[in-house]
Amino acid sequence: MPCNAVPKHVDLTYHDIAVPVPRALHACPGVEVAGRLIRSLVFSTDVALIGHCDADAVFAVYPFASLPTIMQSLVIAAERPVFAGVGGGVTSGERSAELALHAEMHGVAGVVLNATAKVDTIRLIASHVDIPVVLTVCEMNDAARAQIAAGASIVNVAAGRNTARVLAEVRDAYPSMPVIASSGPTEETAAATLAAGADALTWTPPNIQDIERALMRKNRAEG
């Protein structure tokens, strides 16, 4: 088969991709985890949206205490790798390590810690699990370097409008470290983040209510 052959497409009625990721995400070099190449991660815990999205993986981080039932539900519904938050702030220490081990036992592809995670917590989790420990970084400084050294296997850069800058600093300091980063709201911001050295990009999809309103307007116009 020619190396430039275009994949064939099969149309489906009910399993369509209603929420495609931005095109720029398909250009990422990717991070290989357990034999799966991941270029795009949808930042969501909405199982209906996840089920109609074409992202390679799910980035399930939310601002509440991590619950095993939510992790299990996402793994079942996603049908693709799930990277789940296990704390780092309010949830930390032994609790985070137990959540991480539980996540691994139930099929989570990687565990995510927020930027406030203590070095001891990172080290403890890294010693408990055999799946990637993803550390979120908002600034490249001595504290971040200590956190990474404690056992992070993937760095997730989430620094708002400074993401491209921080990403470039992380890439310069850790040229061999897999790095994912937030893509921003547009194709242009995603392309800029990719150019700064991201291996994979997270993407926050539109609000489900906005999607529903757009579909209703479309259906009315076609009706």
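- Across all their heavy atoms, V137 and A144 have their closest contact at CG1-CB, 4.2 Å.
- Comment: R39 does not engage E32 in a salt bridge, judged by the lack of any side-chain N to carboxylate O separation of less than 4.0 angstrom.
- In this structure, I180 and F83 have side chains that are not in contact, with every pair of non-hydrogen atoms separated by 4.5 Å or more.
- T136 places a side-chain N or O within donor-acceptor distance of the main-chain N or O of L113, the cut-off being under 3.5 Å.
- The side-chain heavy atoms of F64 and I70, taken from C-beta on, include no pair separated by under 4.5 Å.
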message: Using side chain to side chain donor-acceptor pair (under 3.5 Å), reason through S44 and D46 one step at a time and then give a plain yes or no.
response: CA-CA 6 Å; S44 179; D46 188 314; 5.5 Å; no

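- Q147 contributes no side-chain N or O that, together with a main-chain N or O of A152, makes up a donor-acceptor pair within less than 3.5 Å.
- Side chains of I148 and V155 form a contact here, defined as non-hydrogen atoms less than 4.5 Å apart.
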Return all side-chain donor-acceptor pairs below 3.5 angstrom for residues 85-99, not counting sequence neighbours, or 'none' if the list is empty.
{"residue": "S96", "atom": "OG", "partner": "V86", "partner atom": "O", "Å": "2.9"}
{"residue": "S96", "atom": "OG", "partner": "T91", "partner atom": "O", "Å": "3.0"}
{"residue": "S96", "atom": "OG", "partner": "S92", "partner atom": "N", "Å": "3.3"}

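- The distance from the CG atom of L167 to the CG atom of N162 is 12.0 Å, given to the nearest 0.5 Å.
- A continuous path of ILVMFWY side-chain contacts below 4.5 Å connects V179 to I122, so both sit in one hydrophobic cluster.
- When side chains are defined from C-beta on, K118 counts as touching T121, because their heavy atoms get closer than 4.5 Å.
- Across every non-hydrogen atom of A181 and A198, the tightest pair is CB-CB, 4.4 Å.
- Pairing each heavy atom of A190 with each of A24, the nearest pair is CB-CB, 3.8 Å.
- Checked by atom type and distance alone, the side chain of R80 pairs as donor or acceptor with a backbone atom of I50 at under 3.5 Å.
- One hydrophobic cluster, built from ILVMFWY side chains closer than 4.5 Å, cannot hold both M71 and V112; they sit in different ones.
- By the 4.5 Å heavy-atom criterion applied to side chains, E104 and H128 are not counted as neighbours.
- Placement of V61 and L67 in two distinct hydrophobic clusters is found when ILVMFWY residues are connected by side-chain heavy-atom separations under 4.5 Å, directly or transitively.
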Requested in this report: For W203 and L25, run side chain to side chain contact (heavy atoms under 4.5 Å, CB included): C-alpha distance rounded to whole Å, both residues' side-chain angles, the deciding distance at 0.1 Å, then the answer.
Outcome: CA-CA 9 Å; W203 172 66; L25 276 67; 3.8 Å; yes

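- Atom CD1 of residue I125 and atom CG of residue D120 lie 11.5 Å apart, to the nearest 0.5 angstrom.
- Partners of T186 according to the side-chain hydrogen bond (donor to acceptor under 3.5 Å, both in side chains) rule, which considers only residues two or more places apart in sequence or in another chain, are E188, T189.
- Remark: R36 CZ to I38 CD1 distance equals 7.0 Å, nearest 0.5 Å.
- The backbone N or O of T202 sits nowhere less than 3.5 Å from a side-chain atom of S182 that would complete a donor-acceptor pair.
- If you chain together hydrophobic residues whose side chains sit under 4.5 Å apart, V19 and L201 fall into the same group.
- Of all non-hydrogen atoms in D54 and V21, the two that sit nearest each other are OD1-N, 2.8 Å.
- Of the candidates L41, L135, V134, V170, V134 is the only one forming a side-chain contact (heavy atoms from CB on, under 4.5 Å) with N156.
- Smallest separation of non-hydrogen atoms from T163 and A159: OG1-N, 3.0 Å.
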Apply side chain to side chain contact (heavy atoms under 4.5 Å, CB included) to the pair L49 and V42, showing each step before the final yes or no. CA-CA 9 Å; L49 190 148; V42 59; 4.2 Å; yes

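- Residue L37 is found outside any hydrophobic cluster, as its side-chain heavy atoms come under 4.5 Å of no other Ile, Leu, Val, Met, Phe, Trp or Tyr.
- Scanning for ring pair (Phe, Tyr, Trp, His ring centres under 6.0 Å) contacts around H106 gives H102, with sequence neighbours left out.
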Using side chain to side chain contact (heavy atoms under 4.5 Å, CB included), reason through L74 and I76 one step at a time and then give a plain yes or no. CA-CA 5 Å; L74 287 168; I76 293 170; over 6 Å; no

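- Side-chain contacts under 4.5 Å among hydrophobic residues (ILVMFWY), followed directly or transitively, place V119 with no other residue at all.
- A salt bridge is defined here as a Lys NZ or Arg NE, NH1 or NH2 lying under 4.0 Å from an Asp or Glu carboxylate O, and D199 with R171 meets this definition.
- What you find for T193 and S183 is that their closest heavy atoms are OG1-O, 4.1 Å.
- Sorted by first then second residue, the ring-ring contact (aromatic ring centres under 6.0 Å, His included) pairs that include residues 162-185, not counting sequence neighbours, number zero.
- The side-chain heavy atoms of V166 and E139, taken from C-beta on, include a pair separated by under 4.5 Å.
- Looking at V33 and V31, their side chains come closer than 4.5 Å, going by heavy atoms from C-beta outward.
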